[in-house]
Amino acid sequence: MKYRHLGKQGLRVSELALGSWMTDVSAPGKQDLAAESIKLAYDNGINFFDCADAYSGGAAERFLGKTLKQFPRQELVLSSKVFFPTGKGVNDRGLSRKHIMESVDTSLTNMQTDYLDLYFCHRFDSETPLEETLQALSDLVDQGKILYYGVSEWRPVQILEAQLIIQERGLHPMAVVQPQYNMFDRYIEHELLDVCGKLGLGVVPFSPLSQGLLTGKYRKGQPIPAGSRATYQDQIKALLTDDNLDKVEALINMADELDTDLSTFALAWALRDPRISCLITGASKPSQLKNNLKAVDLDIPAEYYPRIDQLFGFKKFSRKIG
């Protein structure tokens, strides 16, 4: 495994992390597969394990915490997130000081740890003053309950506004951003990566395989594989357009040229930018994780990058005046 610094922070994270949004712990057999994946990740040098209080109603946190107890805590980088509803109460959601303080204690209990290495605001809360949210997060650093904090799916202007408040109030700095990023969704290349680079923020994208579209299991003219998430999740099925699947076929051909598979190719592509600290991958079974691990050692020749840009018609947005 290879490691990168989390932006300008001293913390180093594995280039691949194991996320828990796909973890299904509803049955003993599925629990066994998830536990095997976690152990395989640790044995192969993955030190970053990502979760959220909203995943499976807290069950994902509890399962991850229980499974990781077999490993030395100091070797792990654990994260969770706060924002989405965790109960029926009017204050059981959002980024108010009350919800943050109560949620982090619940996450710590669920994950059987005294502190979280990273704590993310899962989304932006337009109903809570940003000053309140940032002060609460900075206070958690003072209390030793979290070491670093960050945000997920915030716009660049929201991050810059937060930075101004942090500087004005002398708060502990934001350290990391978790956006969505993959070949089909490259919005972070227009502004966000530049902002994060300027501020020294780590970037740890989720969904680098575009909800499974970049695994190669969905092919044009072929039935949706039984048991795949596209059979029961409309948001994934909506991605399976003829145009997207044509792009998948072209990418599979490129991967074949390099004697690799599409998943490995897509992950290695996303790791090409040094501003990316880590990719958060989901693996519902060990075989998927074994395949993903090959990406850290794949060097894609430079001539492939313009071919991919052309395939997707991608150009970084730049407004020209005059």
Side-chain angles (χ1 to χ4, degrees), residues 2 4-9 13-17 19 48 50 118 120-124 150-163 174-215 235 238-239 241 243-244 246-248 250-252 254-255 258 262-282 292 295-296 298-321:
K2 299 175 183 177
R4 299 184 184 185
H5 280 98
L6 190 74
K8 67 179 181 182
Q9 315 303 322
V13 293
S14 47
E15 289 189 341
L16 296 182
F48 182 6
D50 179 72
L118 307 176
F120 291 93
C121 297
H122 213 158
R123 294 293 185 270
F124 186 79
V151 301
S152 178
E153 292 290 81
W154 283 27
R155 291 177 294 148
V157 67
Q158 293 166 336
I159 294 171
L160 290 171
E161 183 181 358
Q163 179 69 11
M174 185 185 298
V176 60
V177 173
Q178 186 177 141
Q180 182 165 256
Y181 182 53
N182 54 65
M183 288 180 177
F184 282 93
D185 189 353
R186 297 174 62 172
Y187 82 96
I188 70 171
E189 293 185 47
H190 297 299
E191 285 187 307
L192 187 61
L193 279 178
D194 291 337
V195 169
C196 290
K198 182 72 173 179
L199 298 179
L201 302 177
V203 182
V204 293
F206 69 94
S207 197
L209 295 177
S210 188
Q211 306 285 347
L213 184 59
L214 288 167
T215 63
Q235 67 183 40
L239 295 173
T241 64
D243 182 59
N244 283 350
D246 284 339
K247 290 182 172 63
V248 166
L251 292 169
I252 288 174
M254 292 185 202
L258 297 177
L262 180 54
S263 295
T264 303
F265 184 68
L267 292 172
W269 172 89
L271 284 170
R272 75 197 186 286
D273 193 314
R275 293 171 296 184
I276 301 292
S277 302
C278 171
L279 300 176
I280 299 176
T281 62
N292 292 347
V296 299
L298 176 63
D299 292 321
I300 298 176
E303 61 266 25
Y304 280 80
Y305 297 122
R307 288 175 61 185
I308 294 169
D309 290 347
Q310 184 176 12
L311 175 65
F312 285 88
F314 178 82
K315 291 184 180 180
K316 183 176 177 179
F317 175 77
S318 178
R319 177 176 167 80
K320 295 183 179 180
I321 301 175

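Of all heavy-atom pairs spanning Leu201 and Met174, the tightest one is CD2-O, 3.2 Å. The shortest non-hydrogen separation linking Ile300 to Trp269 is CD1-N, 3.5 Å. Closest heavy-atom contact between Ser14 and Cys278: O-SG, 3.0 Å. Summarising the geometry of Leu192 relative to Pro179, their closest heavy-atom pair is CD2-CB, 3.8 Å, with the distance given to 0.1 Å. Closest of all the heavy-atom pairs between Gln235 and Leu239 is O-CG, 3.6 Å. The shortest heavy-atom contact between Ser263 and Asn292 is CB-OD1, 4.1 Å.
Lys2 contributes no side-chain N or O that, together with a main-chain N or O of Glu15, makes up a donor-acceptor pair within less than 3.5 Å. Looking at Ser207, its side chain never comes within 3.5 Å of a backbone N or O of Tyr181 through a donor-acceptor pair. In this structure, Ser152 contributes its side chain and Gln178 its backbone to a donor-acceptor pair below 3.5 Å. Side chain of Ser277 to main chain of His5: a donor-acceptor pair is present (N/O by atom type, distance under 3.5 Å, no hydrogens or angles).
Checked against side chain to side chain donor-acceptor pair (under 3.5 Å), Thr264 has the following partners two or more places apart in sequence or in another chain: Asp261. Shown here are the salt bridge (Lys or Arg N to Asp or Glu O under 4.0 Å) partners of Asp299, two or more places apart in sequence or in another chain: there are none. Shown here are the side chain to side chain donor-acceptor pair (under 3.5 Å) partners of Asp194, two or more places apart in sequence or in another chain: Arg275, Lys316.
In this structure, Pro208 and Leu271 have side chains that are not in contact, with every pair of non-hydrogen atoms separated by 4.5 Å or more. Looking at heavy atoms from C-beta onward, Asp243 lies in side-chain contact with Lys247 at the 4.5 angstrom threshold. Residues Val204 and Asp50 fail the side-chain proximity criterion, which asks for heavy atoms closer than 4.5 Å. Taking 4.5 Å as the limit, every side-chain heavy atom of Ile252 sits out of range of all side-chain heavy atoms of Phe265. Looking only at side-chain heavy atoms (C-beta outward), Leu251 and Tyr304 stay at 4.5 Å or farther from each other. Side-chain contact between Glu161 and Trp154 is absent, with no heavy-atom pair separated by less than 4.5 Å. Taking the side chain as every heavy atom from C-beta outward, Phe206 and Glu153 approach each other to under 4.5 Å. Two residues are said to be in side-chain contact when any heavy atoms from C-beta on lie closer than 4.5 Å; Val296 and Leu267 fail this criterion.
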*Intermediate values then yes/no, side-chain contact (heavy atoms from CB on, under 4.5 Å), Leu160 and Leu199*: CA-CA 9 Å; Leu160 290 171; Leu199 298 179; 4.2 Å; yes

*Would you check, one step at a time, whether the test side-chain contact (heavy atoms from CB on, under 4.5 Å) holds for Leu118 with Leu6?*
CA-CA 11 Å; Leu118 307 176; Leu6 190 74; 3.7 Å; yes

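Dense packing is recorded around CZ of Arg186, with more than 12 heavy atoms of other residues, nucleotides or ligands lying under 6.0 Å away. Atom CD of Glu191 is surrounded by 12 or fewer heavy atoms from other residues, nucleotides or ligands within 6.0 Å.
Atom CG of Asp185 sits about 11.0 Å away from atom CZ of Phe312, to the nearest 0.5 Å. The CZ atom of Phe314 lies 4.5 Å from the NE2 atom of His190; values are rounded to the nearest 0.5 Å. The CG atom of Leu213 sits 7.5 Å away from atom OG1 of Thr215, with the distance rounded to the nearest 0.5 Å. Atom CD1 of Ile308 is separated from atom CE of Met254 by 5.5 Å, given to the nearest 0.5 angstrom.
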